[in-house]
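Working notes for the structure below.
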Protein chains: 2
Amino acid sequence: MEKSTKIEKIRHSLSHLMSMAVQELYPQVGLGVGPSIENGFYQDYDLPEVITPEILPALEKRVKEIIKENIKFEQRDVDFDEAYKFYKRDPYKTEFIDDLKTAGEKKVSFYKSGWFDNLCAGPHVGSTKEINPDAFKLISIAGAYWRGDEKNKMLTRIYGVAFETEKELEHYLWQQEEAKKRDHRRLGKELGLFYFSDDVGPGLPLFTPKGEMLRHLMESFVRETQTRYGFQHVWTGHLVKEDLYKKSGHYDNYKEAMFPPMLDENVSFRLKPMNCPSHMTLYNEMGKHSYRELPMRFAEFATLYRYEKTGELSGLTRVRALTQDDCHTFCSEEQIESEFSLDLKVIQEVLTAYKFTDYKVRLSLKGKGGKYVEDDKKWAEAEAALRASLKKNKIDYYEAEGEAAFYGPKADFMAKDILGREWQLSTIQVDFIQPGRLNCSYVAEDGSEKTPVLLHRAVTGTTERFMGVIIEHYAGAFPVWLSPVQVKILNITDRNLKYSEKINEEFKKLGIRAELDDANETIGKKIRNAEIEKTPYILVVGDKEEKTGSIAVRERGKGDLGAMELSKFIEKIQKEIESKI
Amino acid sequence: MEKSTKIEKIRHSLSHLMSMAVQELYPQVGLGVGPSIENGFYQDYDLPEVITPEILPALEKRVKEIIKENIKFEQRDVDFDEAYKFYKRDPYKTEFIDDLKTAGEKKVSFYKSGWFDNLCAGPHVGSTKEINPDAFKLISIAGAYWRGDEKNKMLTRIYGVAFETEKELEHYLWQQEEAKKRDHRRLGKELGLFYFSDDVGPGLPLFTPKGEMLRHLMESFVRETQTRYGFQHVWTGHLVKEDLYKKSGHYDNYKEAMFPPMLDENVSFRLKPMNCPSHMTLYNEMGKHSYRELPMRFAEFATLYRYEKTGELSGLTRVRALTQDDCHTFCSEEQIESEFSLDLKVIQEVLTAYKFTDYKVRLSLKGKGGKYVEDDKKWAEAEAALRASLKKNKIDYYEAEGEAAFYGPKADFMAKDILGREWQLSTIQVDFIQPGRLNCSYVAEDGSEKTPVLLHRAVTGTTERFMGVIIEHYAGAFPVWLSPVQVKILNITDRNLKYSEKINEEFKKLGIRAELDDANETIGKKIRNAEIEKTPYILVVGDKEEKTGSIAVRERGKGDLGAMELSKFIEKIQKEIESKI
């Protein structure tokens, strides 16, 4: 959707040019799929031998030469007989032709570039002139089963990345390099934040004291913000009777993502994969509601469990235990716009505090299609309310027709991290359907019984995934307010231990998270250790500091700030914590 | 254990006297069991007709008369033949005699009191002179299956309560009456704190915004206290692979209390019924530990799930979802005493804040018996450490030989609530076994690898049960620091709405939990509503208050305090919150 057609053509054409270079080396090569993908392209090959990444520079060099030959890409339609004949020695292409025949096609499409003729639907660039030979790179080799089926033969997949300009390529490669350094799985271990254990199970992280403190700070911040904006918190636990999900419709639509049932003779329980049915049940149990009580805004930090495939799990960004900062607002139709606006404000404040200032909203609308609940008037009104609200709040957005949830339109926040990578974080979804299914109601001003609209909203998404994102965003160097340890106190000699302990106690009393490193090491070693832990402030305490009642301050990223009175330092750090800088 | 033998004899004898009164009315009555129980006694009868509680005053009167006859209780041993003959028309007593025969007894014991002769092992009072006729009461009738088996006949059970003095009886009856008024299940609904739903499942409470706020305040207070005492919080989620419990030994010893497994082809998961194996797994994943890192104190507010039988569930005091304020301290054997002492201090501070000042500790020791792990030296040292620590902290305790956990000695806090009812709340347990089973280790100062000792500790026990206890303890009138709504603002007329809203905002900014009741009701009605909600402070705002920039303050339990400057009131309430009075 967001890819330019031009760059897609370049990427797809590069996969053909790479195949030319490969076929020059291996004339009998079999050709699997070779699409353009995000940031680049790949092509699957059936090769007579195993190749290693050492081959890539030579291949790349050859592709560059081919580009410079200014070869034209020429499309033509071909009879099935001719196509089968052309590929009589390639079982993969033959299977593709079979598929097209089964699909009832009359002809098949070929693209010719120089001597290389290839079954392909296109589109491609007109000529290699359009490709910048310095804006692509072949980057890796992997195994890939033919048609993704492990019962089939394993083919060799070569990946490349490609852009329109050399600058874009360089930026991308820098981003990748930087992302590798910031990989939250590696940093999580180095900083001692979380672990996974085979004894507990895949995708189920365990958080150390430091990691739990980070979770706690993240959730407390969202809780405090939500409370300030008039949201109330509820608690609904971690499991419910399976029947509730049959009523809500989640059983039919979502069963695959749930953990297996807990079955006894009389009843079947499920771990909660989402909160909405529980929040609606609580709403109902609280008794009859009046329009005067609306909007009711139920927020909860509940850990949800989703049975993601083990192969798809990845550090904290894809887990099975996910603690959503989830909120459900029960409101009237007239309140959609103002409640949506309130949700936007909460999200803006939180994202800004985390320095995600470059974001836009993807507004997913009904469009023309059949999968949606029928009520064109409701849809039109809700979509208009969302647009109005986004405009009023001056939020950059684009519309995605036909991408709405089945129960109503939604707004997803796409935020760029410091490397420019885009993450889908917050979401607000309007729901016309579920409250009716679970018989939620309120008495309207005219005495009639009405069904409330439900707004689903998550700010950071889930604590786990967002922690993964911000570890990479900050490269593990969290701002002071978010650092599990804010201050590390290092005594130079044992003589200074008592004074160091006194300072430590003073910080504790003020709620500043300090740690004293009293190990019998050189001060240089202690400083290095504290730097590896990315502590925002390192305070060195020796005889001189003790005598003058001061501390020697080192600030992360800035180095030695020199001696400072303790009270001055406390003032400085408290101001920074307060303002979340 | 704690019952005096004398009162047990009185209670048991009263069940005989009651049987005399019953048999006078129903000469053919069959007699089931009739023991002394906590606070009283009961007796099961096979009666020819259904009786209702209306009969109790007459029965009671008759028992009083019998007591005044100064009847002696006389024991004698009887041959089986004679016993069978005596009870030839009573199938229940005949079954008892069968049991005694099967058990290999030579004779059976009878107790005679007046004309009433009864198969009974005793003991009894010497004569009814020892029974105070004004210190007992027959209180209720219930159905009870013969031998507790629902396939058997339902008998009629009559309950009585009995004490040595009339004063004790009166206190008990007052306590019962008061407890009924304070029943947390009723108050929980009235105050809108929590609900149970058939859609979610038995024993799985849902907490409303007010109930969640109460939970949050309770847990935040314990968290803050724990942090201040040097405990660190961790997060280990809600489920683990079943195999972990096979390693730890919980699978064999605790399987019945677990929710059914979540099974897929490759693996079986269980909801966590306790945290210890998870905390030990985290300890291990964090890498090799040195003696310098000990003690390590892992605390967690994890919701645990236990599959209590539905018939045993009761409000919040017996639930299936229980959030323990659980802590596990990994320490060396030498650190047991000081760590136990630290745990005691945390518990004392928390219980005192909740006004549980009347408590004693039951120190459960190994005693002489076979079920314990063999290592007499370790046991003796640990028991000595616990005793020393209890003495040093001046905590009243008594020893219970043979009542320890299989893995080590333990200390349970038995605390009296305001009604004098005793609750088992906090617990500290020493564990020599589990760390070894899960291969926890640390490198000692001499370089050798050692197994840490584990201290299990809970302060309030579980959030849910403790909430049930404190709702009854405070009769729902929580102290200011613990009240979900601390201040209710009531505007007299619409003219005063703006000023009321301003005050409300001011409270919010200060973190004082205020609510504005702007309903179109009379001020009298609004005050009554706020009183029903047991709000600590009610602020009435009318023209007079608005003009003088003041508020009219009503304090719960004290009534109208008159007009007060807002700043003065804020000072007062902040002081109360701070000091937790």
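We name chains A, B, ... by the order of the sequence lines, and we start the count at 1 in each one.
A distance of 6.0 Å or more separates the ring centres of B:Tyr195 and B:Phe207. The six-membered or imidazole ring of B:Phe231 lies away from that of B:Phe298, with a centre-to-centre distance of 6.0 Å or more.
Counting non-hydrogen atoms of neighbouring residues, nucleotides and ligands closer than 6.0 angstrom, the NZ atom of A:Lys246 exceeds 12 such neighbours. Other residues, nucleotides and ligands contribute more than 12 heavy atoms inside 6.0 Å of the CD atom of A:Glu312.
The residues A:Arg215 and A:Glu219 are annotated as salt-bridged, a charged nitrogen and a carboxylate oxygen being separated by less than 4.0 angstrom. A salt bridge is absent between A:Glu521 and A:Lys526; no separation between the charged side-chain nitrogens and carboxylate oxygens falls under 4.0 Å. Ion pairing between B:Arg292 and A:Asp518 holds under the 4.0 Å rule for side-chain N and carboxylate O. We find that A:Lys488 and A:Glu515 are joined by a salt bridge, their nearest charged nitrogen and carboxylate oxygen being less than 4.0 Å apart.
For B:Lys509, no part sits under 4.5 Å from any heavy atom of chain A, backbone or side chain. Using a 4.5 Å cut-off between heavy atoms, A:Phe196 touches chain B through its backbone atoms (N, CA, C, O) alone. With a threshold of 4.5 angstrom between heavy atoms, B:Glu464 approaches chain A through side-chain atoms but not through N, CA, C or O. Only the side chain of B:Phe269 comes within less than 4.5 Å of a heavy atom of chain A; its backbone N, CA, C and O stay farther away. Of the atoms belonging to A:Lys210, not a single heavy atom falls under 4.5 Å from chain B. Looking at B:Thr227, there are no atoms closer than 4.5 Å to chain A (heavy atoms on both sides), in backbone or side chain. Looking at B:Ala519, the atoms closer than 4.5 Å to chain A (heavy atoms on both sides) sit in the backbone and in the side chain alike. For B:Asn266, no part lies under 4.5 angstrom from a heavy atom of chain A. Residue B:Asp199 touches chain A through both its backbone and its side chain, counting heavy-atom pairs closer than 4.5 Å. A:Arg228 does not touch chain B: none of its heavy atoms, backbone or side chain, sits under 4.5 Å away.
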Practice item. Decide side-chain contact (heavy atoms from CB on, under 4.5 Å) for B:Phe194 and B:Leu214; before the verdict, give the C-alpha distance in whole Å, the side-chain angles of both, and the deciding distance to 0.1 Å. Key: CA-CA 10 Å; B:Phe194 60 89; B:Leu214 184 53; over 6 Å; no

Exercise for review: Using the side-chain contact (heavy atoms from CB on, under 4.5 Å) rule, take B:Glu349 and B:Lys345 through it: C-alpha gap first, then chi angles, then the decisive distance, then the call.
Suggested key: CA-CA 6 Å; B:Glu349 179 167 335; B:Lys345 287 203 176 79; over 6 Å; no

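Listed options B:Val267, B:Thr208, B:Leu204 were ranked by heavy-atom pairs under 4.5 angstrom with chain A; first place goes to B:Thr208. Considering only heavy-atom pairs separated by less than 4.5 Å from chain B, the leading option among A:His216, A:Arg270, A:Met296 is A:His216. Among B:Arg223, B:Arg320, B:Lys272, the residue making the largest number of heavy-atom pairs under 4.5 Å with chain A is B:Arg223. In terms of non-hydrogen atom pairs under 4.5 Å with chain A, the most contact-rich of B:Met213, B:Lys247, B:Glu300, B:Lys508 is B:Lys247. Interface summary for chain B: among A:Pro205, A:Ser197, A:Pro209, the most heavy-atom pairs under 4.5 angstrom belong to A:Pro209. Most heavy-atom pairs under 4.5 Å with chain B: of the set A:Pro261, A:Gly192, A:Ala321, this distinction falls to A:Pro261. Each of A:Asp264, A:Thr323, A:Thr281 has some count of heavy-atom pairs under 4.5 Å with chain B, and the biggest count is that of A:Asp264. Annotation: maximal heavy-atom pairing with chain B below 4.5 Å, among A:Glu242, A:Met262, A:Lys189, A:Glu224, occurs at A:Met262. Contacts with chain A were tallied for B:Gln232, B:His238, B:His233; B:His238 has the most, counting heavy-atom pairs under 4.5 Å. Chosen from A:Pro260, A:Gly511, A:Pro277, the residue pairing most often with chain B at heavy-atom distances under 4.5 Å is A:Pro260. Of all the listed residues (B:Leu263, B:Leu438, B:Leu244, B:Leu239), the one sharing the greatest number of non-hydrogen pairs under 4.5 Å with chain A is B:Leu239.
For the residue pair B:Asp243 and B:Tyr251, no side-chain donor N or O sits within less than 3.5 Å of a side-chain acceptor on the partner.
A:Thr460 places no side-chain N or O within donor-acceptor distance of the main-chain N or O of A:Thr463, the cut-off being under 3.5 Å.
In this structure, the separation between NE2 on B:His289 and CG on B:Leu294 is 8.5 Å, given to the nearest 0.5 Å.
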